[in-house]
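To find a chain, count down the sequence lines: A is the first, B the second, and so on, and within it residues start at 1.
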There are 2 protein chains.
Amino acid sequence: MSYSIGQVAEKLSISPYTLRYYDKEGLLPFVDRNDAGRRRFKDNDFNFLEVIVCLKEAGVPVKQIGNFIDLCMTGDTTLQARYDFLAKHEQKLVAKMAQLQHTLDFLRWKKWYYKTALQAGTESIHYLPGTNHVDPAVHAEFERLVADGGNPEELGKI
Amino acid sequence: MSYSIGQVAEKLSISPYTLRYYDKEGLLPFVDRNDAGRRRFKDNDFNFLEVIVCLKEAGVPVKQIGNFIDLCMTGDTTLQARYDFLAKHEQKLVAKMAQLQHTLDFLRWKKWYYKTALQAGTESIHYLPGTNHVDPAVHAEFERLVADGGNPEELGKI
DNA sequence: GGTTGACTTAGAGTTAACTCTAGATTCTAT
DNA sequence: ATAGAATCTAGAGTTAACTCTAAGTCAACC
């Protein structure tokens, strides 16, 4: 069974332009061509494509993905290097997810800030008296609610 | 207390160039200037800067962050719009984190794939007999190990 | 046999988000 | 008082990752 570039693009939900660009950048050395020079993807090629898509999602730059594919094409002498590459990007991804969790926590506190302002009809309930500046105690109040078992996601819900 | 662009850049670990670029894009309308035209950041400005950094981390494009700041400068009539904006990006972030968890799961399965190949000294232990194509049963085997209580993170560790 | 649509390449164009340069001004420290 | 560092603006340059165009080839259908 083989697939045209259009069929693969459809399956992966990316454009044929992008697939050709990846090929140009050396990400698809494993793809065969027919007599007319057209790309013919094999079933096994999806194992590579899956990895490429995964690394893209993980935020790995195209050039580095190309390095990994090079290792794959070289054979068993690069097994350790391939393992190390994946382990490195696993760790980067874990760190990124932890960072995003902090970002999410912050978004939820700001949601609560606007929820309470909305309920009061004005943001000024959060200001220090006689100023336009936010009272630091407001954040402390939110933190107290969370510490008392409040769910940050629920606290901000309207 | 007020701060120069260099001091703010230092605190936020971003370059003064980037801060000026954000200003040019309308993200910093709240920043005062001294008589010589130099930016003077106030303590309260860090409340805005925190939000800008947070939205950046969440992957919100600079232009959209500018829209949000515009809402902030307009006053209490935009409280609902600001809440909705944050709620929308909270949901996007939750979706992205779920996606990244799948990406992480995939990376860990591939790590296990290379760990077992390394232990065997060759990737060919994963191939269908007489081919260079990966046996689909290999992934199924990994899934079985996970279903039997294996920790995907541990299974791939060397 | 002719038309339509998918494919090919090389190379140009686009977009976002910086990042830097040049030339002028201003602040800080001796 | 002056040297050196930091700041200002306008605008040019950079980078990554596409995205498209042009001109041509190939395959399928009526």
Rounded to the nearest angstrom, tell me the gap between atom [atom1] in [X] and atom [atom2] in [N].
{"X": "Phe41(A)", "N": "dC7(C)", "atom1": "CZ", "atom2": "P", "result": "10 Å"}
{"X": "Tyr17(B)", "N": "dT14(D)", "atom1": "OH", "atom2": "P", "result": "14 Å"}
{"X": "Leu28(A)", "N": "dT9(C)", "atom1": "CG", "atom2": "P", "result": "11 Å"}
{"X": "Asp23(B)", "N": "dG11(D)", "atom1": "CG", "atom2": "P", "result": "16 Å"}
{"X": "Glu25(A)", "N": "dG11(C)", "atom1": "CD", "atom2": "P", "result": "15 Å"}
{"X": "Glu10(B)", "N": "dA5(D)", "atom1": "CD", "atom2": "C1'", "result": "15 Å"}
{"X": "Asn34(B)", "N": "dT7(D)", "atom1": "CG", "atom2": "P", "result": "11 Å"}
{"X": "Arg40(B)", "N": "dC8(D)", "atom1": "CZ", "atom2": "P", "result": "9 Å"}

Side-chain N or O of [X] less than 4.0 angstrom from OP1 or OP2 on [N]?
{"X": "Lys56(B)", "N": "dA16(C)", "value": "no"}
{"X": "Ser15(A)", "N": "dC18(D)", "value": "no"}
{"X": "Arg33(A)", "N": "dT9(C)", "value": "yes"}
{"X": "Tyr22(A)", "N": "dA17(D)", "value": "no"}

Between [options], spot the one nearest the side chain of [X], thanks.
{"X": "Ser4(B)", "options": "dC8(D), dT7(D), dC18(C)", "result": "dT7(D)"}
{"X": "Arg38(A)", "options": "dT19(C), dC8(D), dC26(D)", "result": "dC26(D)"}
{"X": "Lys24(A)", "options": "dT7(D), dC18(D), dA10(C)", "result": "dA10(C)"}
{"X": "Arg20(A)", "options": "dC7(C), dA17(D), dC18(C)", "result": "dC7(C)"}
{"X": "Lys63(A)", "options": "dT8(C), dA16(D), dT21(D)", "result": "dA16(D)"}
{"X": "Ile5(A)", "options": "dT8(C), dA17(C), dT19(D)", "result": "dT8(C)"}

Looking for any heavy atom pair under 4.0 Å, which part of the strands does Pro16(A) touch: base, sugar-phosphate only, or nothing?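 Touches nothing.
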Quick one: does Thr116(A)'s side chain have a donor or acceptor within less than 3.5 Å of a partner on Trp112(A)'s backbone?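 It does hold such a pair.
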Is there a donor-acceptor contact under 3.5 Å from the side chain of Tyr83(A) to the main chain of Gly156(B)?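 At least one qualifying donor-acceptor pair exists.
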Between the side chains of Tyr114(A) and Gln80(B), does any donor sit under 3.5 Å from an acceptor?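 Side-chain D/A pair, Tyr114(A) to Gln80(B): absent.
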Under a plain distance cut-off of 3.5 Å, with no hydrogens placed, do Asn44(B) and Asn47(B) share a side-chain donor-acceptor pair?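 Note: Asn47(B) and Asn44(B) side chains meet the donor-acceptor criterion.
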Aromatic contact between Phe46(A) and Tyr3(A), with the criterion being ring centroids under 6.0 Å apart: yes or no?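 So the answer is yes for these two rings.
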Between Ala36(A) and Ala36(B), which has a closest nucleotide on DNA chain C that is more 5'?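 Checking each residue's closest nucleotide, the 5'-ward one belongs to Ala36(A).
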